[in-house]
Student: 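Mind having a look at this structure? Questions to follow.
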Amino acid sequence: MVESITITNTGTSAVNGWSLAFTLPGGQTITSGWGATYSPSSGQVTARNVAYNGTIAPNASIGIGFQATHGGDTAKPASFTLNGAPCATA
């Protein structure tokens, strides 16, 4: 299973350093990822910026993603928070 995530800064000031938290459905385990470091690989996961994408300018977006194994449940995470603030999902 492959997940692609776009993080968009809809605010008026830059985000400097970010962490995106979400919960993977049961049976899903991240095996590799790009654009972020992921920890832990299952359950309540936090994706953190890497050196080249730590700042997100106003109205700018970055793309991250991961590959995961699953035990039949391919559902997406139900919600996300960026630096502790709830995110709108599309």
Side-chain angles (χ1 to χ4, degrees):
M1 169 178 94
V2 177
E3 287 289 338
S4 294
I5 301 168
T6 301
I7 302 171
T8 302
N9 179 359
T10 59
T12 57
S13 60
V15 174
N16 293 305
W18 55 264
S19 62
L20 182 72
F22 54 94
T23 301
L24 289 175
Q28 294 183 8
T29 302
I30 295 173
T31 57
S32 64
W34 61 92
T37 59
Y38 297 87
S39 180
S41 60
S42 62
Q44 176 70 38
V45 176
T46 300
R48 290 184 173 80
N49 66 273
V50 291
Y52 64 84
N53 66 4
T55 299
I56 310 171
N59 299 311
S61 298
I62 61 164
I64 66 171
F66 59 87
Q67 291 180 309
T69 59
H70 62 87
D73 185 352
T74 59
K76 295 180 180 179
S79 63
F80 297 85
T81 60
L82 185 71
N83 293 349
C87 298
T89 59

Student: How many angstroms lie between atom CE of M1 and atom CG of L24, to the nearest 0.5 angstrom?
Tutor: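 The CE atom of M1 sits 6.5 Å away from the CG atom of L24.
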
Student: Should L20 and C87 count as side-chain neighbours, where that means a heavy-atom distance under 4.5 Å?
Tutor: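 Result yes, sub-4.5 Å side-chain heavy-atom pair found.
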
Student: I want to check something: taking the side chain as every heavy atom from C-beta on, are W18 and N9 in contact at a cut-off of under 4.5 Å?
Tutor: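 They are not in contact (no side-chain heavy atoms under 4.5 Å apart), so the answer is no.
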
Student: Identify the heavy atoms of A47 and F22 that sit nearest to each other, and give their distance.
Tutor: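 Closest pair (atom of A47, atom of F22, distance): CB-CE2, 4.3 Å.
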
Student: Can you find a heavy atom in the side chain of L82 that is under 4.5 Å from one in the side chain of S19?
Tutor: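 Not touching, per the 4.5 Å side-chain cut-off.
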
Student: State, to 0.1 Å, how close Q28 and A75 come at their nearest heavy-atom pair, and which atoms those are.
Tutor: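 Heavy-atom minimum between the residues: NE2-O, 2.9 Å.
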
Student: For residues 52-71, please give each side-chain donor-acceptor pair under 3.5 Å, one per line with the distance, not counting sequence neighbours.
Tutor:
unit_1 : atom_1 : unit_2 : atom_2 : d
N53    : OD1    : V50    : N      : 3.0
N53    : ND2    : G35    : O      : 2.7
T55    : OG1    : N16    : OD1    : 2.9
S61    : OG     : T8     : OG1    : 2.7
Q67    : OE1    : S32    : OG     : 2.9
H70    : ND1    : G72    : N      : 3.0

